2 protein chains.
Amino acid sequence: MARDPGTEASASSSTPQLDRRTARRIRTKAEIVEAAWDLVREEGLAGLAMRDLGKRVGMKAQSIYSYFESKNDIYDTMFRDAYLDFNSTMEAENEDGERFSDVDTALRLSHRFFDFCTSDPVRYQLLFQRTIPDFVPSEESYAVAVDALDALTNQLADVGVAGDESVDLWTAVLTGLTDQQISNDPGGDRWKRLVDRAVLMLLGEVAPDLIEATK
Amino acid sequence: MARDPGTEASASSSTPQLDRRTARRIRTKAEIVEAAWDLVREEGLAGLAMRDLGKRVGMKAQSIYSYFESKNDIYDTMFRDAYLDFNSTMEAENEDGERFSDVDTALRLSHRFFDFCTSDPVRYQLLFQRTIPDFVPSEESYAVAVDALDALTNQLADVGVAGDESVDLWTAVLTGLTDQQISNDPGGDRWKRLVDRAVLMLLGEVAPDLIEATK
DNA sequence: GTCTATAATCTGATAGAC
DNA sequence: GTCTATCAGATTATAGAC
(Lines give C-alpha, C1' and ligand atoms only; values in the text may rest on other atoms or scores of the structure.)
Protein backbone atom coordinates (compact mmCIF):
# COMPACT_ATOMS: atom_id res chain seq x y z
CA MET A 1 0.00 0.00 0.00
CA ALA A 2 1.41 3.36 -0.96
CA ARG A 3 1.86 6.10 1.59
CA ASP A 4 -1.11 8.37 1.89
CA PRO A 5 0.07 11.98 1.83
CA GLY A 6 -3.24 13.04 3.30
CA THR A 7 -3.14 11.37 6.67
CA GLU A 8 0.53 11.14 7.53
CA ALA A 9 -0.39 9.02 10.50
CA SER A 10 1.18 5.62 10.03
CA ALA A 11 4.91 5.25 9.60
CA SER A 12 6.38 1.80 9.41
CA SER A 13 9.50 1.17 11.49
CA SER A 14 11.33 -0.17 8.45
CA THR A 15 11.70 3.29 6.91
CA PRO A 16 13.32 5.58 9.49
CA GLN A 17 14.13 8.15 6.81
CA LEU A 18 10.51 8.55 5.92
CA ASP A 19 9.58 8.68 9.60
CA ARG A 20 11.81 11.64 10.16
CA ARG A 21 10.58 13.33 7.03
CA THR A 22 6.97 12.75 7.99
CA ALA A 23 7.53 13.98 11.52
CA ARG A 24 9.14 17.12 10.20
CA ARG A 25 6.23 17.66 7.84
CA ILE A 26 3.72 17.32 10.65
CA ARG A 27 5.66 19.78 12.74
CA THR A 28 5.72 22.29 9.91
CA LYS A 29 1.99 21.94 9.34
CA ALA A 30 1.37 22.55 13.02
CA GLU A 31 3.64 25.57 12.87
CA ILE A 32 1.68 27.00 9.96
CA VAL A 33 -1.63 26.47 11.73
CA GLU A 34 -0.27 28.11 14.88
CA ALA A 35 0.81 31.11 12.82
CA ALA A 36 -2.64 31.20 11.23
CA TRP A 37 -4.21 31.44 14.68
CA ASP A 38 -1.89 34.28 15.63
CA LEU A 39 -2.78 36.05 12.42
CA VAL A 40 -6.55 35.80 12.75
CA ARG A 41 -6.35 36.91 16.37
CA GLU A 42 -4.74 40.10 15.13
CA GLU A 43 -6.55 40.64 11.84
CA GLY A 44 -9.89 38.98 12.40
CA LEU A 45 -11.09 35.66 11.10
CA ALA A 46 -11.58 36.88 7.55
CA GLY A 47 -8.20 38.60 7.54
CA LEU A 48 -6.21 35.45 6.90
CA ALA A 49 -4.09 36.07 3.80
CA MET A 50 -1.72 33.51 2.38
CA ARG A 51 0.99 36.12 1.84
CA ASP A 52 0.94 37.29 5.44
CA LEU A 53 0.82 33.72 6.65
CA GLY A 54 3.86 32.86 4.58
CA LYS A 55 5.73 35.86 5.92
CA ARG A 56 4.97 34.78 9.45
CA VAL A 57 6.36 31.26 9.07
CA GLY A 58 9.30 32.46 7.04
CA MET A 59 8.22 31.07 3.69
CA LYS A 60 6.83 32.40 0.50
CA ALA A 61 3.08 32.10 0.39
CA GLN A 62 3.34 29.68 -2.49
CA SER A 63 5.27 27.18 -0.40
CA ILE A 64 2.34 26.75 1.95
CA TYR A 65 0.57 24.93 -0.84
CA SER A 66 3.04 22.10 -0.30
CA TYR A 67 1.40 21.56 3.10
CA PHE A 68 -2.21 22.57 2.56
CA GLU A 69 -4.33 22.19 -0.52
CA SER A 70 -5.98 25.55 -0.16
CA LYS A 71 -6.83 28.30 2.24
CA ASN A 72 -10.06 26.47 2.96
CA ASP A 73 -7.98 23.49 4.03
CA ILE A 74 -6.26 25.67 6.63
CA TYR A 75 -9.57 26.96 7.98
CA ASP A 76 -10.79 23.40 8.11
CA THR A 77 -7.82 22.31 10.20
CA MET A 78 -8.38 25.23 12.58
CA PHE A 79 -12.06 24.39 12.82
CA ARG A 80 -11.39 20.76 13.69
CA ASP A 81 -8.66 21.65 16.18
CA ALA A 82 -10.94 24.15 17.88
CA TYR A 83 -13.65 21.54 18.39
CA LEU A 84 -11.13 19.02 19.71
CA ASP A 85 -9.94 21.68 22.18
CA PHE A 86 -13.51 22.43 23.11
CA ASN A 87 -14.15 18.78 23.76
CA SER A 88 -11.14 18.17 25.96
CA THR A 89 -11.70 21.40 27.88
CA MET A 90 -15.33 20.61 28.62
CA GLU A 91 -14.67 16.99 29.52
CA ALA A 92 -11.76 17.68 31.85
CA GLU A 93 -12.20 15.81 35.11
CA ASN A 94 -12.43 17.61 38.40
CA GLU A 95 -9.28 17.27 40.46
CA ASP A 96 -8.72 14.05 42.41
CA GLY A 97 -12.23 12.75 42.25
CA GLU A 98 -13.84 15.42 44.39
CA ARG A 99 -17.60 15.05 44.52
CA PHE A 100 -19.88 17.97 43.85
CA SER A 101 -23.62 18.38 43.87
CA ASP A 102 -25.31 18.61 40.48
CA VAL A 103 -25.91 22.29 41.02
CA ASP A 104 -22.23 22.91 41.67
CA THR A 105 -21.28 20.82 38.66
CA ALA A 106 -23.70 22.75 36.46
CA LEU A 107 -22.11 25.99 37.64
CA ARG A 108 -18.59 24.70 37.00
CA LEU A 109 -19.58 23.43 33.56
CA SER A 110 -21.13 26.74 32.61
CA HIS A 111 -18.13 28.74 33.77
CA ARG A 112 -15.87 26.42 31.85
CA PHE A 113 -17.92 27.06 28.73
CA PHE A 114 -18.01 30.80 29.28
CA ASP A 115 -14.29 31.06 29.96
CA PHE A 116 -13.35 28.86 27.03
CA CYS A 117 -15.42 31.02 24.67
CA THR A 118 -14.44 34.45 25.94
CA SER A 119 -10.74 33.61 26.26
CA ASP A 120 -10.45 33.44 22.48
CA PRO A 121 -13.13 35.38 20.61
CA VAL A 122 -11.88 34.43 17.18
CA ARG A 123 -11.98 30.75 18.08
CA TYR A 124 -15.51 31.27 19.39
CA GLN A 125 -16.47 32.90 16.12
CA LEU A 126 -15.05 29.97 14.17
CA LEU A 127 -16.81 27.44 16.40
CA PHE A 128 -20.25 28.93 16.80
CA GLN A 129 -20.90 31.61 14.24
CA ARG A 130 -20.95 31.64 10.48
CA THR A 131 -18.88 34.61 9.52
CA ILE A 132 -16.20 33.28 7.19
CA PRO A 133 -17.32 33.83 3.64
CA ASP A 134 -17.30 30.63 1.61
CA PHE A 135 -15.80 28.43 4.30
CA VAL A 136 -17.45 25.03 4.45
CA PRO A 137 -16.11 22.42 6.87
CA SER A 138 -15.16 19.05 5.44
CA GLU A 139 -17.29 16.08 6.34
CA GLU A 140 -14.65 14.80 8.70
CA SER A 141 -14.36 18.09 10.57
CA TYR A 142 -18.10 18.49 10.70
CA ALA A 143 -18.36 15.08 12.33
CA VAL A 144 -15.90 16.21 15.02
CA ALA A 145 -18.12 19.20 15.69
CA VAL A 146 -21.23 17.09 16.00
CA ASP A 147 -19.50 14.72 18.41
CA ALA A 148 -18.34 17.58 20.59
CA LEU A 149 -21.82 19.09 20.82
CA ASP A 150 -23.35 15.69 21.55
CA ALA A 151 -20.91 15.23 24.40
CA LEU A 152 -21.97 18.60 25.79
CA THR A 153 -25.61 17.60 25.60
CA ASN A 154 -24.83 14.47 27.61
CA GLN A 155 -22.95 16.44 30.23
CA LEU A 156 -25.86 18.81 30.60
CA ALA A 157 -28.29 15.94 30.95
CA ASP A 158 -26.14 14.53 33.78
CA VAL A 159 -26.57 17.68 35.84
CA GLY A 160 -30.29 18.16 35.31
CA VAL A 161 -30.52 20.07 32.04
CA ALA A 162 -32.28 17.37 30.04
CA GLY A 163 -34.55 17.50 27.03
CA ASP A 164 -34.32 19.47 23.81
CA GLU A 165 -35.99 22.62 25.07
CA SER A 166 -33.92 22.74 28.24
CA VAL A 167 -30.72 22.33 26.30
CA ASP A 168 -31.80 24.98 23.79
CA LEU A 169 -32.54 27.37 26.60
CA TRP A 170 -29.19 26.68 28.31
CA THR A 171 -27.37 27.16 25.01
CA ALA A 172 -29.14 30.44 24.27
CA VAL A 173 -28.47 31.90 27.70
CA LEU A 174 -24.82 30.86 27.84
CA THR A 175 -23.99 31.97 24.31
CA GLY A 176 -25.92 35.17 24.96
CA LEU A 177 -23.79 35.97 28.00
CA THR A 178 -20.68 35.04 26.05
CA ASP A 179 -21.57 37.18 23.06
CA GLN A 180 -22.33 40.21 25.14
CA GLN A 181 -19.09 39.82 27.06
CA ILE A 182 -17.06 39.57 23.88
CA SER A 183 -18.89 42.31 21.98
CA ASN A 184 -19.49 44.89 24.66
CA ASP A 185 -16.92 44.39 27.38
CA PRO A 186 -13.96 42.50 25.93
CA GLY A 187 -11.47 41.56 28.59
CA GLY A 188 -13.86 42.64 31.35
CA ASP A 189 -16.26 40.71 33.56
CA ARG A 190 -19.55 42.59 33.22
CA TRP A 191 -21.39 39.49 31.99
CA LYS A 192 -19.08 36.93 33.58
CA ARG A 193 -20.39 38.15 36.93
CA LEU A 194 -23.90 37.16 35.83
CA VAL A 195 -23.10 33.55 34.99
CA ASP A 196 -23.89 32.10 38.44
CA ARG A 197 -27.14 33.97 38.65
CA ALA A 198 -28.14 32.97 35.14
CA VAL A 199 -27.39 29.29 35.72
CA LEU A 200 -29.35 29.16 38.98
CA MET A 201 -32.21 30.89 37.21
CA LEU A 202 -32.03 28.31 34.43
CA LEU A 203 -31.92 25.38 36.82
CA GLY A 204 -34.89 26.81 38.67
CA GLU A 205 -36.75 26.74 35.38
CA VAL A 206 -35.71 23.38 33.94
CA ALA A 207 -34.85 21.40 37.09
CA PRO A 208 -36.71 22.94 40.04
CA ASP A 209 -36.35 19.77 42.12
CA LEU A 210 -32.60 20.15 42.02
CA ILE A 211 -32.76 23.64 43.40
CA GLU A 212 -35.30 22.67 46.06
CA ALA A 213 -33.11 19.78 47.22
CA THR A 214 -30.15 22.10 47.65
CA LYS A 215 -31.95 24.63 49.79
CA MET B 1 -25.11 80.97 3.63
CA ALA B 2 -24.08 78.47 1.00
CA ARG B 3 -25.92 75.24 0.50
CA ASP B 4 -24.49 72.39 2.49
CA PRO B 5 -24.11 69.38 0.19
CA GLY B 6 -23.76 67.16 3.21
CA THR B 7 -27.16 67.51 4.80
CA GLU B 8 -29.48 68.23 1.89
CA ALA B 9 -32.23 68.88 4.36
CA SER B 10 -33.25 72.50 3.98
CA ALA B 11 -34.51 73.81 0.67
CA SER B 12 -35.73 77.37 0.47
CA SER B 13 -38.91 77.97 -1.51
CA SER B 14 -37.19 80.66 -3.58
CA THR B 15 -35.13 78.11 -5.50
CA PRO B 16 -37.52 75.52 -6.95
CA GLN B 17 -34.86 74.31 -9.40
CA LEU B 18 -32.52 73.44 -6.62
CA ASP B 19 -35.37 71.92 -4.66
CA ARG B 20 -36.15 69.52 -7.46
CA ARG B 21 -32.50 68.73 -7.94
CA THR B 22 -32.00 68.11 -4.25
CA ALA B 23 -35.09 65.98 -4.03
CA ARG B 24 -33.90 63.89 -6.94
CA ARG B 25 -30.50 63.49 -5.31
CA ILE B 26 -32.03 62.34 -2.06
CA ARG B 27 -34.17 59.83 -3.92
CA THR B 28 -31.14 58.46 -5.74
CA LYS B 29 -29.19 58.13 -2.51
CA ALA B 30 -32.08 56.23 -0.97
CA GLU B 31 -32.23 54.02 -4.04
CA ILE B 32 -28.54 53.20 -3.72
CA VAL B 33 -28.89 52.36 -0.04
CA GLU B 34 -31.89 50.17 -0.78
CA ALA B 35 -29.89 48.32 -3.41
CA ALA B 36 -27.05 47.95 -0.90
CA TRP B 37 -29.43 46.26 1.54
CA ASP B 38 -30.62 43.88 -1.15
CA LEU B 39 -27.05 43.07 -2.00
CA VAL B 40 -25.85 42.34 1.54
CA ARG B 41 -28.91 40.19 2.16
CA GLU B 42 -27.80 38.03 -0.75
CA GLU B 43 -24.03 38.17 -0.41
CA GLY B 44 -23.50 38.77 3.28
CA LEU B 45 -22.54 41.96 5.04
CA ALA B 46 -18.93 41.86 3.90
CA GLY B 47 -19.96 41.06 0.33
CA LEU B 48 -20.86 44.60 -0.60
CA ALA B 49 -18.83 45.51 -3.69
CA MET B 50 -19.09 48.88 -5.39
CA ARG B 51 -19.17 47.21 -8.79
CA ASP B 52 -22.12 45.02 -7.97
CA LEU B 53 -23.86 47.90 -6.29
CA GLY B 54 -23.44 50.04 -9.37
CA LYS B 55 -24.75 47.28 -11.57
CA ARG B 56 -27.81 46.97 -9.40
CA VAL B 57 -28.77 50.63 -9.57
CA GLY B 58 -27.93 50.89 -13.25
CA MET B 59 -24.79 52.97 -12.93
CA LYS B 60 -21.09 52.44 -13.15
CA ALA B 61 -19.55 51.90 -9.76
CA GLN B 62 -17.57 55.11 -10.11
CA SER B 63 -20.73 57.19 -10.33
CA ILE B 64 -21.76 56.16 -6.83
CA TYR B 65 -18.94 58.33 -5.56
CA SER B 66 -21.02 61.32 -6.62
CA TYR B 67 -23.47 60.35 -3.90
CA PHE B 68 -21.32 58.77 -1.22
CA GLU B 69 -17.79 59.63 -0.22
CA SER B 70 -16.74 56.04 0.23
CA LYS B 71 -17.96 52.55 0.84
CA ASN B 72 -17.66 53.25 4.54
CA ASP B 73 -20.08 56.13 4.07
CA ILE B 74 -22.64 53.68 2.66
CA TYR B 75 -22.20 51.30 5.58
CA ASP B 76 -22.57 54.26 7.91
CA THR B 77 -25.87 55.25 6.34
CA MET B 78 -27.13 51.68 6.62
CA PHE B 79 -26.02 51.53 10.24
CA ARG B 80 -27.86 54.73 11.13
CA ASP B 81 -30.99 53.72 9.23
CA ALA B 82 -31.03 50.37 10.97
CA TYR B 83 -30.94 51.98 14.40
CA LEU B 84 -33.67 54.43 13.45
CA ASP B 85 -35.78 51.47 12.31
CA PHE B 86 -35.01 49.66 15.52
CA ASN B 87 -36.10 52.66 17.51
CA SER B 88 -39.39 53.19 15.77
CA THR B 89 -40.20 49.49 15.82
CA MET B 90 -39.55 49.15 19.53
CA GLU B 91 -41.39 52.34 20.42
CA ALA B 92 -44.51 51.58 18.40
CA GLU B 93 -47.63 52.15 20.46
CA ASN B 94 -50.06 49.36 21.16
CA GLU B 95 -53.23 49.68 19.13
CA ASP B 96 -55.89 52.13 20.32
CA GLY B 97 -54.56 52.60 23.82
CA GLU B 98 -55.27 49.10 25.07
CA ARG B 99 -53.95 48.57 28.57
CA PHE B 100 -51.80 45.61 29.41
CA SER B 101 -50.19 44.38 32.58
CA ASP B 102 -46.46 44.92 32.89
CA VAL B 103 -45.89 41.22 32.39
CA ASP B 104 -47.82 41.25 29.14
CA THR B 105 -46.00 44.36 27.99
CA ALA B 106 -42.64 42.77 28.79
CA LEU B 107 -43.64 39.77 26.71
CA ARG B 108 -44.77 41.93 23.80
CA LEU B 109 -41.61 44.02 23.96
CA SER B 110 -39.41 40.93 23.96
CA HIS B 111 -41.23 39.38 21.02
CA ARG B 112 -40.96 42.63 19.15
CA PHE B 113 -37.20 42.61 19.73
CA PHE B 114 -36.86 38.97 18.75
CA ASP B 115 -38.92 39.35 15.60
CA PHE B 116 -37.18 42.53 14.53
CA CYS B 117 -33.79 40.86 14.88
CA THR B 118 -34.57 37.52 13.29
CA SER B 119 -36.55 39.01 10.40
CA ASP B 120 -33.36 40.47 8.95
CA PRO B 121 -30.20 38.68 10.06
CA VAL B 122 -27.87 40.95 8.15
CA ARG B 123 -29.38 44.01 9.76
CA TYR B 124 -29.01 42.32 13.13
CA GLN B 125 -25.37 41.66 12.37
CA LEU B 126 -24.84 45.30 11.46
CA LEU B 127 -26.63 46.51 14.58
CA PHE B 128 -25.26 44.22 17.25
CA GLN B 129 -22.16 42.46 16.08
CA ARG B 130 -18.79 43.66 14.89
CA THR B 131 -18.15 41.69 11.77
CA ILE B 132 -17.47 44.26 9.06
CA PRO B 133 -13.74 44.61 8.69
CA ASP B 134 -12.61 48.22 9.08
CA PHE B 135 -16.08 49.72 9.40
CA VAL B 136 -16.26 52.40 12.04
CA PRO B 137 -19.51 54.32 12.51
CA SER B 138 -19.33 58.09 12.35
CA GLU B 139 -19.87 60.06 15.52
CA GLU B 140 -23.32 61.07 14.37
CA SER B 141 -24.41 57.52 13.64
CA TYR B 142 -22.92 56.25 16.84
CA ALA B 143 -24.99 58.80 18.75
CA VAL B 144 -28.13 57.47 17.07
CA ALA B 145 -27.20 53.99 18.24
CA VAL B 146 -26.67 55.13 21.81
CA ASP B 147 -30.02 56.94 21.83
CA ALA B 148 -31.81 53.85 20.57
CA LEU B 149 -30.30 51.64 23.23
CA ASP B 150 -31.05 54.19 25.95
CA ALA B 151 -34.66 54.23 24.85
CA LEU B 152 -34.76 50.45 25.13
CA THR B 153 -33.35 50.62 28.65
CA ASN B 154 -36.11 53.03 29.63
CA GLN B 155 -38.77 50.78 28.16
CA LEU B 156 -37.41 47.83 30.10
CA ALA B 157 -37.36 49.83 33.31
CA ASP B 158 -41.04 50.67 32.78
CA VAL B 159 -42.00 47.01 32.78
CA GLY B 160 -39.93 45.93 35.76
CA VAL B 161 -36.52 45.18 34.27
CA ALA B 162 -34.62 47.91 36.07
CA GLY B 163 -30.99 48.29 37.04
CA ASP B 164 -27.80 47.59 35.12
CA GLU B 165 -27.54 43.92 35.98
CA SER B 166 -31.16 43.22 35.15
CA VAL B 167 -30.85 44.94 31.80
CA ASP B 168 -27.60 43.09 31.05
CA LEU B 169 -29.27 39.82 31.86
CA TRP B 170 -32.30 40.62 29.70
CA THR B 171 -30.03 41.64 26.82
CA ALA B 172 -27.93 38.51 27.08
CA VAL B 173 -30.92 36.17 27.14
CA LEU B 174 -32.76 37.89 24.29
CA THR B 175 -29.74 38.22 22.01
CA GLY B 176 -28.83 34.64 22.90
CA LEU B 177 -32.21 33.37 21.75
CA THR B 178 -31.98 35.55 18.65
CA ASP B 179 -28.49 34.38 17.74
CA GLN B 180 -29.37 30.74 18.13
CA GLN B 181 -32.49 31.18 16.02
CA ILE B 182 -30.55 32.90 13.24
CA SER B 183 -27.52 30.61 13.33
CA ASN B 184 -29.09 27.23 13.91
CA ASP B 185 -32.67 27.36 12.69
CA PRO B 186 -33.01 30.22 10.21
CA GLY B 187 -36.61 30.75 9.20
CA GLY B 188 -37.83 28.33 11.86
CA ASP B 189 -39.19 28.84 15.36
CA ARG B 190 -37.14 26.51 17.54
CA TRP B 191 -35.96 29.34 19.79
CA LYS B 192 -38.88 31.68 19.11
CA ARG B 193 -41.04 29.19 20.96
CA LEU B 194 -38.85 29.67 24.03
CA VAL B 195 -39.22 33.44 24.23
CA ASP B 196 -42.27 33.47 26.53
CA ARG B 197 -40.73 30.97 28.87
CA ALA B 198 -37.42 32.82 28.94
CA VAL B 199 -39.05 36.18 29.65
CA LEU B 200 -41.17 34.79 32.50
CA MET B 201 -38.05 33.14 33.88
CA LEU B 202 -36.22 36.47 33.67
CA LEU B 203 -39.01 38.41 35.33
CA GLY B 204 -39.12 35.82 38.10
CA GLU B 205 -35.46 36.58 38.69
CA VAL B 206 -35.35 40.36 38.41
CA ALA B 207 -38.93 41.34 39.33
CA PRO B 208 -40.44 38.51 41.42
CA ASP B 209 -43.12 40.83 42.84
CA LEU B 210 -44.48 41.38 39.36
CA ILE B 211 -44.88 37.66 38.79
CA GLU B 212 -46.41 37.09 42.23
CA ALA B 213 -48.96 39.84 41.63
CA THR B 214 -50.03 38.26 38.35
CA LYS B 215 -50.65 34.83 39.81
C1' DG C 1 -23.95 63.48 -13.09
C1' DT C 2 -22.29 59.88 -15.78
C1' DC C 3 -19.03 58.06 -18.30
C1' DT C 4 -14.08 55.91 -19.84
C1' DA C 5 -9.69 55.01 -18.41
C1' DT C 6 -6.76 53.76 -15.11
C1' DA C 7 -4.17 53.78 -10.84
C1' DA C 8 -2.74 51.12 -7.01
C1' DT C 9 -3.23 47.32 -4.40
C1' DC C 10 -4.77 43.20 -2.83
C1' DT C 11 -6.38 38.34 -3.47
C1' DG C 12 -5.69 32.93 -4.13
C1' DA C 13 -3.47 29.87 -6.87
C1' DT C 14 -0.27 27.53 -10.59
C1' DA C 15 4.10 26.41 -13.49
C1' DG C 16 8.43 25.21 -13.53
C1' DA C 17 13.50 25.90 -12.22
C1' DC C 18 16.56 24.28 -8.74
C1' DG D 1 10.35 21.62 -0.49
C1' DT D 2 11.32 26.16 -1.61
C1' DC D 3 11.96 29.41 -4.70
C1' DT D 4 10.92 33.06 -8.85
C1' DA D 5 7.74 34.43 -11.99
C1' DT D 6 3.30 35.05 -13.11
C1' DC D 7 -1.60 34.52 -13.88
C1' DA D 8 -6.15 35.94 -13.51
C1' DG D 9 -8.93 38.22 -10.94
C1' DA D 10 -10.78 41.07 -7.40
C1' DT D 11 -10.97 45.36 -4.71
C1' DT D 12 -11.64 50.76 -3.74
C1' DA D 13 -10.89 54.98 -5.50
C1' DT D 14 -9.36 59.07 -8.59
C1' DA D 15 -8.76 62.01 -13.02
C1' DG D 16 -10.70 64.04 -16.53
C1' DA D 17 -13.69 64.07 -20.89
C1' DC D 18 -18.39 65.08 -22.05
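Every chain is numbered from 1, with letters handed out A, B, ... down the list of sequences. Computed from a predicted structure; not experimentally measured.
Here chain A contacts DNA chain C (any atom closer than 4.0 Å to a heavy atom, that is under 4.0 Å), and the contacts span C:dT11 to C:dT14 from 5' to 3'.
B:D115 has a carboxylate O that lies under 4.0 Å from a charged side-chain N of B:K192, or vice versa, which qualifies the two as a salt bridge.
In this structure, a donor-acceptor pair under 3.5 Å is present between the side chains of A:S138 and A:S141. A donor-acceptor contact under 3.5 angstrom links the side chains of B:T131 and B:Q125, judged on distance only. Looking at A:T175 and B:Q180, their side chains do bring a donor and an acceptor atom within 3.5 Å of each other. Side-chain contact check for B:T171 and A:W191: no donor-acceptor pair (N or O, by modelled atom type) lies under 3.5 Å.
Looking only at distances, no side-chain donor or acceptor of B:K60 sits under 3.5 Å from a matching main-chain atom of B:R51. Formation of a donor-acceptor pair under 3.5 Å by the A:D185 side chain with backbone atoms of A:Q181 is not found in this model.
Between B:F86 and the options B:F116, B:Y124, B:F79, a ring-ring contact (aromatic ring centres under 6.0 Å, His included) holds for only B:F116.
Proximity of residues 52-60 of chain A to DNA chain C (heavy atom under 4.0 angstrom from any strand atom) is not detected for any residue.
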Review point. Taking it one step at a time, do A:F135 and A:D76 satisfy side chain to side chain contact (heavy atoms under 4.5 Å, CB included)?
Key: CA-CA 8 Å; A:F135 167 61; A:D76 195 58; 4.1 Å; yes
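We find that CD1 of B:I132 is positioned 16 Å from C1' of D:dT11, with the value rounded to whole Å.
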Every protein N/O lying under 3.5 Å from an N/O of nucleotides 12-15 of chain D:
{"unit_1": "D:dT12", "atom_1": "OP1", "unit_2": "B:L48", "atom_2": "O", "d": "3.2"}
{"unit_1": "D:dT12", "atom_1": "OP1", "unit_2": "B:M50", "atom_2": "N", "d": "3.3"}
{"unit_1": "D:dT12", "atom_1": "OP1", "unit_2": "B:K71", "atom_2": "NZ", "d": "3.1"}
{"unit_1": "D:dT12", "atom_1": "OP2", "unit_2": "B:M50", "atom_2": "N", "d": "3.1"}
{"unit_1": "D:dA13", "atom_1": "OP2", "unit_2": "B:Y65", "atom_2": "OH", "d": "2.9"}
{"unit_1": "D:dA13", "atom_1": "OP2", "unit_2": "B:K71", "atom_2": "N", "d": "3.0"}
{"unit_1": "D:dA13", "atom_1": "O5'", "unit_2": "B:Y65", "atom_2": "OH", "d": "3.4"}

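Here salt bridge (charged side-chain N to carboxylate O under 4.0 Å, His left out) pairs that include residues 162-184 of chain B, with residues two or more places apart or in two chains, are A:R190-B:D168, A:R193-B:E165, A:R197-B:E165.
In this structure, A:Y65 has no ring pair (Phe, Tyr, Trp, His ring centres under 6.0 Å) partners at least two apart in sequence or on a different chain.
An angle of 10°, rounded to 10°, separates the two end axes of the helix from C:dG1-D:dC18 to C:dC18-D:dG1, each defined over five pairs.
Separating the CG atom in A:L202 from the CH2 atom in A:W170 is a distance of 9.0 Å, to the nearest 0.5 Å.
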